[in-house]
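These notes are about the structure you will find just below.
Letters A, B, ... mirror the listed sequences (proteins, then strands); counts begin at 1.
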2 protein chains.
Amino acid sequence: MIDAAGLRVIRAISEEGSFTAAATSLGYSQPAISQMVRRLEERTGTALVERLGRTVRLTQAGQVLARHAGPVLSAIEAAESEVAAIAGLRAGRVRLMAFPSSSSTLVPRALALVKERFPDVEVSFAEGEPPESLAALRAGECDVAVAFTYEGTDIGRGEEHVETFLSRPLLEDEVRLAVPKNHPLAKADKAQLSDLADAQWIAGCPRCRGHLLSLATRAGFTPHVAFETEDYVAVLGLVAEGLGVALIPDLILRSAGNDRVVTLPIDPASRRTVQAVTTADLERVPAVAATLDALVDAARATCPSPLTAAISAR
Amino acid sequence: MIDAAGLRVIRAISEEGSFTAAATSLGYSQPAISQMVRRLEERTGTALVERLGRTVRLTQAGQVLARHAGPVLSAIEAAESEVAAIAGLRAGRVRLMAFPSSSSTLVPRALALVKERFPDVEVSFAEGEPPESLAALRAGECDVAVAFTYEGTDIGRGEEHVETFLSRPLLEDEVRLAVPKNHPLAKADKAQLSDLADAQWIAGCPRCRGHLLSLATRAGFTPHVAFETEDYVAVLGLVAEGLGVALIPDLILRSAGNDRVVTLPIDPASRRTVQAVTTADLERVPAVAATLDALVDAARATCPSPLTAAISAR
DNA sequence: TGAAATAAATAACTCATTGTTATATCATCG
DNA sequence: CGATGATATAACAATGAGTTATTTATTTCA
């Protein structure tokens, strides 16, 4: 029945003392005010202004509206400016969830970029492996997930498809074989996976373990997994002690090397793609978009690869 | 940019958890909500809801709007209900101004009627002779003036025209000649004004004095005004003491008689019309309309005259 | 796994609202 | 009494905000 526009008009009349002045103050034409008042009076069923010749004055009912106009309009303006701040990146919160090994360089660098560009945007951060982070994204518990997919790995056994969401590729991460320095393959150019059918394997995160199984199956064997840990520093330690071999993404080796371990490409090559994942809706939230951009930029700085080259060329 | 309708929609979505439920709760169709949200998102420049498959959830910006919706909408509802109370005569204030001699019966009776019919309507009352009461009406200091006009009297010398306003006739009030009981005319049927050219006159209020002058001029003389007072009881007292004669409206004689005074019609007859005066705008204020009605009813009860008969027949 | 059910998006259309300009009316003031 | 300043009205255009019908997508359930 009564909306913000009506209150604005009544307030302007009350403040300015005439329809014409109210019109100029609101940027309207005079008849617009005249008609607006008439409509309001029709709706409320009572006169709101007294037209006394050349001047107008509010009736009691008009004064009631004018009195309420202030609080209502300033609350609306407050809401608008809060939303505008979010839209203008002068406010906003992004909840980021990333898998542990990305936390070392990529994510911190991206967070720093966001902070530098938009100091008032808050980015909170939690660790989580892809299945959890995607579930959190779906559940609305985070806004951006930094996840990875292994090339050619078909997910789908209860896990979230990355394809359900909107994802931007960040890095191409080559999967290498890690062997102890004294291992027969240590000096080889590349390793045939099938040569390692009888090796003891050390597996990383569940997803990586799945990838290992998938690759091994394709190479015609079932790997014997002697140890399992999500901590890649530990994986490298185990390998260094000669307790087994492991598949390790190149990205991890950049932050956590071990000089008693040698890594070499495998054949057929395998890579994982690190992606920033969000939803189509959240991508329209400016702070989220800014975070995605920062992640892309951070990835480019982290590792110039064919993929990121392609992205920069774009 | 954002109006009450938008806030209502966002709040409904937040409360109901889906567009469809929000639509039913607001009495809209589902696409209406869908489009409303889209418009809001276009205007604000950021996503307001996350569509997660079948369910929707508000984004941070959406939550900002939902948070403000409550206060804003309840303030608007409060304003609406206050105005509705005024429109529905469950509230309201009328400032009445009446000339003194109407205060005796007509006005009190009318006030009682309003109080009986609409107990929550406040009518405040002040005395004032027609020129002042009309000026007050014009100045917005009162809402209804009970005034009178002398038949055939042309006003206009700086005074307010009753015709400027909207007036409803209440009573036809005959002007009679008051003489002492022992006056030569005391037993006459009627008095020729011209027979009183040499009499001492006692005048009432300024307006009444003006009327006396006008009538006398028409009768061919200039009256000798010996006394002047606005208090008609005093006028009657002066007449009773034989200090002069006076023109007195019949209405006054009903409440303030004096048995040492005789009144008789004058020739040519003269009457004043008692009117309830307001403005076209104020007449659309329900409490004002109710007061006017009460005045008409009170007048009918006070003095059944040809005029009031005509009004009831209408 | 596939079909039914549920929910949101889209298309196409209608109608009311809310502006506009041009003009009339009306009160005030020199 | 005419000029002026203010509101009202008329006619019209654009937009907003609904509607129904239909499509698309996700969940659920057999």
message = According to ring pair (Phe, Tyr, Trp, His ring centres under 6.0 Å), who are the partners of B:Y28, at least two apart in sequence or on a separate chain?
response = none
Check residues 91-98 of chain B and write down every donor-acceptor pair under 3.5 Å in which the side-chain atom is one partner and the other belongs to a residue at least two apart or another chain.
from, atom 1, to, atom 2, distance (Å)
B:R95, NE, B:D143, OD2, 3.0
B:R95, NH1, B:G140, O, 3.2
B:R95, NH2, B:G140, O, 3.4
B:R95, NH2, B:D143, OD1, 2.8

ask   = If you round to the nearest 0.5 Å, how far is CD of A:E15 from CG of A:L26?
value = 9.0 Å
Looking at [X] and [Y], what are the two nearest heavy atoms and their distance?
| X | Y | result |
| --- | --- | --- |
| B:F99 | B:P130 | CB-CD, 3.8 Å |
| A:A47 | B:D281 | CB-O, 3.3 Å |
| B:L89 | B:A290 | CD2-CB, 4.0 Å |
| A:L134 | A:F165 | O-CZ, 3.9 Å |
| A:V107 | A:F125 | CG1-CE1, 3.7 Å |
| B:A66 | B:I10 | N-CG2, 3.7 Å |

Contact list for DNA chain C against residues 31-43 of chain A - heavy-atom distance below 4.0 Å = A:P31, A:A32, A:Q35, A:R39, A:R43
ask   = What are the residues of residues 72-84 of chain B, sorted by number, that bring a heavy atom to within less than 4.0 Å of DNA chain C?
value =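 None - not one residue of the stretch has a heavy atom sitting under 4.0 Å from the strand.
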message = It should be established whether B:S29 places a side-chain nitrogen or oxygen under 4.0 Å from OP1 or OP2 of nucleotide D:dT19.
response = yes
task = Report yes if at least one side-chain N or O of B:R138 is closer than 4.0 Å to OP1 or OP2 of C:dT28; otherwise report no.
result = yes
Pairwise 5' ranking along DNA chain C for A:D3 and B:R51, keeping only the more 5' one =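 Counting from the 5' end, the first nearest nucleotide belongs to B:R51.
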Provide, to the nearest angstrom, the distance between the [atom1] atom belonging to [X] and the [atom2] atom belonging to [N].
| X | N | atom1 | atom2 | value |
| --- | --- | --- | --- | --- |
| A:L48 | D:dA8 | CG | P | 12 Å |
| B:F165 | C:dA27 | CZ | P | 11 Å |
| B:I13 | C:dA7 | CD1 | P | 14 Å |
| A:D281 | D:dT26 | CG | P | 12 Å |
| B:I2 | D:dA17 | CD1 | P | 13 Å |

Looking at [Y] and [X], is there a salt bridge between them, counting it only when a charged N and a carboxylate O are closer than 4.0 Å?
| X | Y | answer |
| --- | --- | --- |
| A:E141 | B:R57 | no |
| B:E82 | A:R67 | yes |
| B:E41 | B:R51 | yes |
| A:D3 | A:R8 | no |

ask   = Can you find a heavy atom in the side chain of A:S270 that is under 4.5 Å from one in the side chain of A:H211?
value = yes
message = Does anything in residues 14-22 of chain A come within less than 4.0 Å of DNA chain D? Heavy atoms only, and list the residues if so.
response =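 The answer is A:S18, A:F19, A:T20.
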key: hbond_proxy B:Q30 side chain to C:dA9 base (donor-acceptor, 3.5 Å cutoff)   =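 When only heavy-atom distances are counted, B:Q30 does reach the base of C:dA9 through a donor-acceptor pair under 3.5 Å.
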Bend angle of the helix from C:dT1-D:dA30 to C:dG30-D:dC1, from helix axes over five pairs at each end, nearest 10° =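 The angle, to the nearest 10 degrees, is 20°.
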request  = Would you mind telling me which of C:dA9, D:dT19, D:dA8 lies closest to the side-chain atoms of B:Y28?
outcome  = D:dT19
